There are 2 protein chains.
Amino acid sequence: MNPSTANIEEAILSAILAGRIAPGTRLGEQKLADLFSVSRTRVREAMMRLETRGVVQVSARRGWYVVEPSAEEAREAFHTRRVIETGLLHTVRDISPKALGSLKEHVAAERAAIESGDVGSRACLLGDFHIHLADVLGNRLLTEIIRDLTARTTLISMLYQPTEKAEESSHDHEDIVAALEARDFERAASLMAEHIDNVEAGLDLDTKPDPLASLRELLSPSTFAGSPPSMPHAHTHGAPHAQPSSQRTKD
Amino acid sequence: MNPSTANIEEAILSAILAGRIAPGTRLGEQKLADLFSVSRTRVREAMMRLETRGVVQVSARRGWYVVEPSAEEAREAFHTRRVIETGLLHTVRDISPKALGSLKEHVAAERAAIESGDVGSRACLLGDFHIHLADVLGNRLLTEIIRDLTARTTLISMLYQPTEKAEESSHDHEDIVAALEARDFERAASLMAEHIDNVEAGLDLDTKPDPLASLRELLSPSTFAGSPPSMPHAHTHGAPHAQPSSQRTKD
DNA sequence: CTCTTCAAGCTTGCATACAAGTTTCGTGAG
DNA sequence: CTCACGAAACTTGTATGCAAGCTTGAAGAG
């Protein structure tokens with residue numbers, strides 16, 4: 001089957017949401033075209049759409065790159081999420097048992113992923129919680145907006161998140177769902193504001209993101225047989241974060 | 001100078017925001033290409049971007065059309081605006097004198113436009129208030145989101161708004177700014193919720209929008225010399241709104 | 001050895017050509 | 001007069017070709 005523009009768009013976006021594509025990744029038109037077995041035209045359309053959604057950027061005649069949000073843009077993204085998600089919880093008047101049930105299931109899945117140590121699905125689920133929330137409490141339009149914002153946030157976390165806080169996030173989610181179950185939407189909104197603040201506070205927005213992160217990963221100890229080598233001698237100026245990216249997670 | 005894709009996109013979006021393009025308007029690629037003196041490729045890019053922003057839609061091999069939101073979509077749009085705009089006012093902690101001043105100026109401009117009877121700039125200003133608010137209280141990202149939502153709302157008003165309520169809207173805006181001046185952000189948020197509810201309540205979402213609106217406008221009394229003719233005999237089934245569209249406004 | 005210059009290769013930007021489907025309008029049958 | 005049919009005109013969908021600019025690496029000067 002021939003993938004449509006929407007398929008390509010969705011494939012890239014969900015890969016970003018799952019944390020499988022790092023910020024700054026180059027997405028060549030021809031390579032993607034080969035990968036999806038379509039012509040560059042289709043790929044270009046998808047990239048253009050993704051650009052208006054704020055997840056990729058084109059650098060003239062150099063290529064398409066997954067966005068690397070600046071500290072300022074990161075703050076804007078979190079501010080926007082705080083506004084929208086607290087607005088949602090503050091506006092909601094009631095919640096159906098079905099919606100509540102699916103949220104509970106989601107949180108349970110989060111905990112399971114954390115306990116089993118499944119880093120990939122864990123990161124995906126933590127971001128997905130917010131999308132799921134918009135889905136059951138809001139509407140399609142709102143869900144789409146939150147989805148794009150979550151993609152942004154995921155990329156931000158990959159760039160600026162020095163420490164792992166999956167458990168705290170999941171716990172926050174749990175509390176929010178508990179407040180929803182008690183129909184205390186005010187409290188849910190406050191908890192959400194706190195939660196988003198926590199996540200933002202867990203970032204290191206003052207240190208410039210490491211431009212060599214991908215290189216460093218390629219040269220990480222596990223790549224070699226036994227002895228962890230010292231970092232390459234030259235060009236190691238300003239390396240703020242030492243963690244391999246697998247320890248990072250979003251949200 | 002050769003208009004870029006972004007120029008075309010912006011030209012169309014601002015025309016929609018100003019109420020100069022009606023929902024359902026067909027936007028032919030070739031016509032736009034001629035108009036802007038570029039090839040279809042550039043136009044297509046712009047349309048594609050506008051499609052992801054939710055203001056136009058493509059009907060396969062038939063053409064691009066300015067969206068005609070369904071009643072359901074209209075409700076979603078208003079719900080989303082209520083969530084975001086009350087969320088914004090609820091989140092804000094302070095407002096600078098400069099921001100307050102520019103909002104006051106804006107409301108004054110609204111009143112002036114209403115009193116002078118300048119329908120065009122009036123409609124534009126009423127929608128712009130919300131964008132302006134996001135601009136001074138929020139951030140660029142939020143402003144962009146609100147802008148797209150306002151475009152949607154403008155189109156919705158053109159489809160479903162049977163009566164003129166410019167004065168009420170402007171008065172609501174005034175009250176909101178007054179609450180902001182008093183630093184009573186809770187109150188501002190409530191007023192905003194009320195305001196958006198008012199606007200939505202002023203719509204007639206239950207009656208199907210008139211598919212003959214544009215035709216009817218072409219045949220409106222002012223087009224002819226003196227005598228207002230009766231409507232054309234055939235094909236006048238189900239005409240919910242009788243007002244010429246110039247009486248309608250958004251927001 | 002270092003720095004500069006330049007050419008080759010690669011990538012996107014843009015236009016155009018053709019394919020595929022839709023609409024419209026004229027023609028002819030009933 | 002009405003309806004059905006079909007061809008012509010028109011519109012978007014997609015691929016492709018060439019132009020323009022960026023990157024890189026090699027060669028040469030100092």
Side-chain angles (χ1 to χ4, degrees), chain A residues 1-12 21-68 211-212 214-215 218 232-235 237, chain B residues 1-12 21-68 211-212 214-215 218 232-235 237:
Chain A
M1 166 235 168
N2 227 11
S4 74
T5 297
N7 293 144
I8 300 173
E9 202 182 341
E10 181 56 31
I12 293 176
I21 301 185
T25 303
R26 181 162 182 282
L27 300 172
E29 289 183 6
Q30 192 58 59
K31 277 187 185 168
L32 288 174
D34 293 345
L35 182 63
F36 287 102
S37 306
V38 296
S39 80
R40 273 180 54 216
T41 309
R42 282 253 194 66
V43 173
R44 259 182 91 75
E45 284 183 8
M47 300 309 279
M48 219 95 66
R49 291 182 130 101
L50 287 173
E51 190 177 36
T52 78
R53 298 174 73 172
V55 299
V56 305
Q57 254 180 338
V58 66
S59 175
R61 283 186 173 105
R62 273 173 26 86
W64 296 88
Y65 294 87
V66 176
V67 293
E68 300 182 274
L212 300 176
S214 56
L215 274 184
L218 290 176
H233 57 293
H235 306 307
H237 51 72
Chain B
M1 170 233 166
N2 227 12
S4 73
T5 298
N7 293 143
I8 301 172
E9 201 182 341
E10 181 56 29
I12 294 176
I21 301 185
T25 303
R26 180 162 183 282
L27 300 172
E29 290 183 6
Q30 192 59 58
K31 277 186 185 168
L32 289 173
D34 293 345
L35 182 63
F36 288 104
S37 306
V38 295
S39 81
R40 273 180 53 216
T41 309
R42 292 265 265 283
V43 173
R44 258 182 91 74
E45 285 182 9
M47 301 308 279
M48 219 98 61
R49 291 182 129 101
L50 287 173
E51 190 177 37
T52 77
R53 298 174 72 173
V55 299
V56 305
Q57 254 180 337
V58 66
S59 174
R61 272 168 238 271
R62 274 173 27 86
W64 296 87
Y65 294 87
V66 177
V67 294
E68 299 182 275
L212 300 175
S214 55
L215 274 184
L218 289 176
H233 56 293
H235 306 306
H237 51 74

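In what follows, chains carry the letters A, B, and so on, assigned in the order in which the sequence lines appear, proteins first and then strands, with residues in each chain numbered from 1. Just so you know, these numbers come straight off a predicted model, no measurement behind them.
- Ile8(A) has its CD1 atom 12 Å from the C1' atom of dT14(D), to the nearest Å.
- A pairwise comparison of heavy atoms in Ile8(A) and Ala46(A) identifies CG2-CB, 3.8 Å as the closest pair.
- Between Ala60(A) and Leu27(B), the residue whose closest nucleotide on DNA chain D is further toward the 5' end is Leu27(B).
- Within 6.0 Å of the CD atom in Gln57(A), the count of heavy atoms belonging to other residues, nucleotides or ligands does not exceed 12.
- When every heavy atom of Leu32(B) is checked against every heavy atom of Met47(B), the shortest pair comes out as CD1-SD, 4.0 Å.
- Note that the first and last nucleotides of DNA chain C, 5' to 3', having any atom under 4.0 angstrom from a heavy atom of chain B are dC14(C) to dT23(C).
- If you check every strand for non-hydrogen atoms under 4.0 Å, Val58(B) touches sugar and phosphate atoms only.
- Arg53(B) CZ to Leu50(B) CG: the interatomic distance, rounded to the nearest 0.5 Å, is 6.5 Å.
- When all heavy atoms of Asn2(B) and Phe36(B) are compared, the closest pair comes out as OD1-O, 4.4 Å.
- Applying the salt bridge (charged side-chain N to carboxylate O under 4.0 Å, His left out) rule to pairs touching residues 30-43 of chain A yields Glu29(A)-Arg40(A), sequence neighbours excluded.
- Legend: residues meeting side chain to side chain contact (heavy atoms under 4.5 Å, CB included) with Arg62(A), ordered by chain and number and at least two apart, are Ser59(A), Tyr65(A).
- Axis angle, first five pairs versus last five pairs of the helix from dC1(C)-dG30(D) to dG30(C)-dC1(D): 10°, rounded to 10°.
- Looking at heavy atoms from C-beta onward, Glu45(A) lies in side-chain contact with Met48(B) at the 4.5 angstrom threshold.
- Heavy-atom distances to DNA chain D give each of Ser59(A) and Gly63(B) a nearest nucleotide, and the one nearer the 5′ end belongs to Gly63(B).
- Whole-Å rounding puts the Arg62(A) CZ to dT24(D) P distance at 8 Å.
- As a whole-Å value, the separation of Glu45(B) CD from dT12(D) C1' is 16 Å.
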Close N or O pairs between protein and nucleotides 18-20 of chain D (under 3.5 Å):
| from | atom 1 | to | atom 2 | distance (Å) |
| --- | --- | --- | --- | --- |
| dA20(D) | N3 | Arg61(A) | NE | 3.2 |

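- One finds a side-chain N or O of Ser39(A) lying less than 4.0 angstrom from the OP1 or OP2 phosphate oxygen of dA15(D).
- The interatomic distance linking Arg42(A) (CZ) with dT12(D) (P) rounds to 18 Å, in whole Å.
- Applying the side chain to side chain donor-acceptor pair (under 3.5 Å) criterion to Thr25(B), with sequence neighbours excluded, gives no partner residue.
- Of all non-hydrogen atoms in Ile12(A) and Ile21(A), the two that sit nearest each other are O-CD1, 4.2 Å.
- Regarding Gln57(B), its CD atom lies at a distance of 20 Å from the P atom of dT11(D), rounded to whole Å.
- Nearest heavy atom pair, residue Pro23(A) against residue Glu68(A), reads C-CG, 3.8 Å.
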